[in-house]
Amino acid sequence: MAKRIAAIETVPPRELRALRLDELPHATVALAKFLLGKVLVRDSKEGRVSGRIVETEAYPPGDPACHARSGRTARNASLFLRHGHIYVYRAYGTAMMLNVSSEAEGVGAGVLIRAAEPLTGIEVMRRRRGIDDVYRLTKGPGCLAQAFAVDLGLDGVAYDAANSLWLADDGFGVTKVGRSVRIGITRNADKPWRFFIHGNRWVSGPARLNDGAK
DNA sequence: TGAAAGATTCGCT
DNA sequence: GCGAATCTTTCAG
């Protein structure tokens, strides 16, 4: 019998309202903050999986750390789509990274979704991840992508319920937003463009308010 | 054509 | 807490 976390398993999900692409901010940093507290939903034949986004990073236009820095290529083309499209890539051979394109068509920029708090479909996530511990299911970008069955086939698709991966608002209010420098990058590493919900257990990096922010 | 770096994770000590 | 694993893309020669 798997260990249960009562506070997670028994809270009934709030009603989800799907976000339309035109409701998303058109600017990268604004979108990174906006996504905190929103719900990421993945539908599949295994059932619905959802989680509250608790950690994001912004990669604005012209940022040397952004994959779009050297112009449009086959790999990063999705970053140049109109804001609200899915950009997926593989890092370090195995980990899939889930991003949201964040600017106008033709402008390369995006927001990385680094972590989420599991809401529904926890058993499905456990199966996909091969672990029981709820606190490790979706902590870190590679783990999140695995729990949500994100693969390269989703690259370039819009966040829309018709495409099985979409964003929703359930009325949750974020009270304390923390910010810090981004994790694991070397270019432009001093910019405080990582955002997270302060005090949340699924945040994958340093969790102090203003950690490292200039 | 070859080499190096990378928005990470997991296991072992 | 540290270091290896892993593989695709990009850049330089």
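Lettering of chains follows the sequences in order, A, B, ..., and the numbering in each one begins at 1. It should be emphasised that the depicted structure is a prediction, and the values quoted were computed from it without experimental measurement.
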Does a nitrogen or oxygen in the side chain of [X] sit under 4.0 Å from OP1 or OP2 of [N]?
X	N	value
Thr94(A)	dT8(B)	no
Arg129(A)	dC10(B)	yes
Arg136(A)	dT9(B)	no
Thr186(A)	dG6(B)	yes

Using a 4.0 Å heavy-atom cut-off, does [X] contact any base of the nucleic acid, only the sugar-phosphate backbone, or nothing at all?
X	answer
Arg75(A)	sugar-phosphate
Asn99(A)	base
Leu112(A)	base
Ala65(A)	base

How many Å lie between [atom1] on [X] and [atom2] on [N], as a whole number?
X	N	atom1	atom2	value
Asn188(A)	dA7(B)	CG	P	12 Å
Tyr135(A)	dC10(B)	OH	P	18 Å
Arg90(A)	dT8(B)	CZ	C1'	13 Å
Leu79(A)	dT9(C)	CG	C1'	14 Å
Tyr87(A)	dA7(B)	OH	P	9 Å
Arg114(A)	dT9(B)	CZ	P	7 Å
Ile113(A)	dA7(B)	CD1	C1'	13 Å
Arg187(A)	dG6(B)	CZ	P	7 Å

Is there a donor in the side chain of Trp166(A) and an acceptor in the side chain of Asp43(A), or the other way round, less than 3.5 Å apart?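 Asp43(A) and Trp166(A) do have a side-chain donor-acceptor pair below 3.5 Å.
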
Could you check which of dT8(B), dA7(B), dC11(C) has an atom nearest any side-chain atom of Ile185(A)?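 Minimum distance to the Ile185(A) side chain belongs to dA7(B).
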
Does any part of the side chain of Phe195(A), heavy atoms only, come nearer than 4.5 Å to the side chain of Glu57(A), both counted from C-beta?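 No. Closest side-chain heavy atoms not under 4.5 Å.
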
Do the rings of Trp202(A) and Tyr135(A) sit parallel, tilted or perpendicular, given the 30° and 60° boundaries?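 Aromatic pair Trp202(A)/Tyr135(A) classed tilted.
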
Compare every heavy atom of Arg90(A) with every heavy atom of Leu152(A), then report the nearest pair and how far apart it is.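 So the minimum-distance heavy-atom pair works out to CD1-NH2, 3.8 Å.
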
Now, which nucleotide makes the Watson-Crick or G-U wobble pair with dC12(B), with each of the two distances under 3.5 Å?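 Paired with dG1(C).
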
Watson-Crick or G-U wobble partner for dA7(B), using a 3.5 Å limit on both distances?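 Check on dA7(B): unpaired, no WC or wobble geometry under 3.5 Å.
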
Does the side-chain ring of Tyr92(A) lie flat on the base of dA5(C), meaning centres under 5.5 Å and planes less than 30 degrees apart?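 Not stacked by the 5.5 Å and 30° rule.
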
Name every donor-acceptor pair, under 3.5 Å, that has one atom in a side chain of residues 95-115 of chain A and the other anywhere in the protein, sequence neighbours excluded.
unit_1, atom_1, unit_2, atom_2, d
Asn99(A), ND2, Tyr87(A), O, 3.3
Asn99(A), ND2, Met97(A), O, 3.4
Ser101(A), OG, Arg82(A), O, 2.8
Ser101(A), OG, Gly84(A), N, 3.3
Ser101(A), OG, His85(A), N, 2.9
Ser102(A), OG, Thr28(A), OG1, 2.8
Ser102(A), OG, Ala109(A), O, 3.4
Ser102(A), OG, Gly110(A), N, 3.2
Glu103(A), OE2, Thr28(A), N, 3.0
Glu103(A), OE2, Thr28(A), OG1, 2.7
Arg114(A), NE, Glu55(A), OE2, 3.0
Arg114(A), NH2, Ser204(A), OG, 3.2

